[in-house]
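Reviewing the structure listed below.
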Protein chains: 2
Amino acid sequence: MEKIKAIYQTEMERVFKLLSNPTRLNILYLLEQQELSVNELVDYLDLPQPQISHNLAILKAHQLVTYRREGKKNLYKLDDPHILDVIDSTKKHAVHVVEGRAHRDEA
Amino acid sequence: MEKIKAIYQTEMERVFKLLSNPTRLNILYLLEQQELSVNELVDYLDLPQPQISHNLAILKAHQLVTYRREGKKNLYKLDDPHILDVIDSTKKHAVHVVEGRAHRDEA
DNA sequence: AATACATATGTTATTAATAACATATATTAG
DNA sequence: CTAATATATGTTATTAATAACATATGTATT
């Protein structure tokens, strides 16, 4: 019986912390579908631009997204393939729990 | 382009929040391997018993663990199969990032 | 029923995360 | 070189999470 190696655990915690924020989670979820500029994210998520930029900076600092400049725009995309799995597995779990709860809660 | 449905998003956030704590992450990681009593978790994780119990209560409240009583002991186990995937995918990501960084950081 | 063991709960101080806002920088177009 | 657009950074107030500790409950055994 072993607990998680400290070095991996720290990284896992970090990722989970990043994902436990609705703004960042939605950013990653949208970028999972396609590359987007800051303004496009602002439009889709209907949040103040500084909040989007701030969270993109956090995601970038932890190597979850990268960007390239195109004209005036910064186009962001995901930087790590594994994160897709994490988000998708969790979405499955969420669907499962929510559907299960819906049943349980009926009548 | 759609953001995550609010009902699922809330559940996802909740799970990520639960997992972003080292104590809870390690509890789940150990329970992934076998059913354990509170005291066994205390021994493995070398943390004060109330802290373990407190976090088990949080995990139980969110349907991530259940327990059965056996004699004097409460034996806890995982309550949700999807969580395994989430933890494992994230561990893979963590290994990837940590190994990658190790290379990058050399020389 | 009393004791001991196993676990749970409640309280508080400390620390960290968040959103909101103002402002700054950088690039492009005129 | 100036204005406009796109994005980034800094500051602060508010709120939430955490760990640490004391204490309570609950069951088993005698």
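Side-chain atoms are counted along with the backbone in the values below, which use heavy atoms only and exclude waters and symmetry mates. Quick caveat, the model's predicted, so the values are computed rather than measured. First the proteins, then the strands, lettered A, B, ... as listed; each starts at 1.
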Please state whether the phosphate of [N], meaning OP1 or OP2, lies under 4.0 angstrom from any side-chain nitrogen or oxygen of [X].
| X | N | result |
| --- | --- | --- |
| A:Ser53 | D:dT7 | no |
| A:Asn74 | D:dA6 | no |
| A:Asn39 | D:dT7 | yes |

For a quick check of understanding: with a heavy-atom distance under 4.0 Å over all strands, which category does [X] fall into, base, sugar-phosphate or nothing?
| X | result |
| --- | --- |
| A:Pro48 | nothing |
| B:Gln51 | sugar-phosphate |
| B:Tyr67 | nothing |

Separation of atom [atom1] in [X] from atom [atom2] in [N], rounded to whole Å:
| X | N | atom1 | atom2 | answer |
| --- | --- | --- | --- | --- |
| B:Arg69 | D:dG26 | CZ | P | 10 Å |
| A:Glu40 | D:dT5 | CD | P | 17 Å |
| B:Gln49 | D:dT25 | CD | C1' | 12 Å |
| B:Glu70 | D:dT27 | CD | P | 16 Å |
| A:Arg68 | D:dT7 | CZ | C1' | 16 Å |
| A:Leu36 | D:dA6 | CG | C1' | 15 Å |
| A:Lys72 | D:dA8 | NZ | P | 15 Å |
| A:Leu75 | D:dT5 | CG | P | 19 Å |

| Does A:Ile58 or B:Ser37 map to a spot on DNA chain C nearer the 5' end, using the closest nucleotide for each? |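 This one resolves to B:Ser37.
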| Atom OH of A:Tyr8 with >12 non-hydrogen neighbours under 6.0 angstrom |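 For A:Tyr8, atom OH is crowded (more than 12 foreign heavy atoms under 6.0 Å).
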| message | Against B:Glu70, only a single residue in B:Arg68, B:Lys72, B:Lys73 fulfils salt bridge (Lys or Arg N to Asp or Glu O under 4.0 Å); can you say which? | response |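 Looking at B:Arg68, B:Lys72, B:Lys73, the match for B:Glu70 under the salt bridge (Lys or Arg N to Asp or Glu O under 4.0 Å) is B:Arg68.
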| said: Reading DNA chain C in the 5' to 3' direction, which nucleotide is the first one with an atom under 4.0 Å from a heavy atom of chain A, and which is the last? | reply: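 In short, chain A contacts DNA chain C from C:dA17 to C:dT28.
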| said: Go nucleotide by nucleotide along DNA chain D from the 5' end; which of B:Pro50 and B:Asn55 gets its closest nucleotide reached first? | reply: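 The residue whose closest nucleotide sits nearer the 5' end is B:Asn55.
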| With nearest nucleotides of DNA chain D determined for A:Lys60 and B:Asn21 from heavy-atom distances, which residue corresponds to the more 5′ nucleotide? |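 Between the two, 5'-proximity favours A:Lys60.
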Mind checking the [atom1]-[atom2] spacing from [X] to [Y]? Nearest 0.5 Å is all I need.
| X | Y | atom1 | atom2 | answer |
| --- | --- | --- | --- | --- |
| A:Thr66 | A:Asp80 | OG1 | CG | 10.5 Å |
| B:Leu18 | B:Arg14 | CG | CZ | 8.5 Å |
| A:Gln63 | A:Ile83 | CD | CD1 | 11.0 Å |
| A:Phe16 | B:Leu25 | CZ | CG | 6.0 Å |

| Looking only at atom types and distance, does a side-chain atom of B:Gln33 sit under 3.5 Å from a main-chain N or O of B:Tyr29, one as donor and one as acceptor? |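 Checking the backbone N and O of B:Tyr29 against the side chain of B:Gln33, a donor-acceptor pair under 3.5 Å is found.
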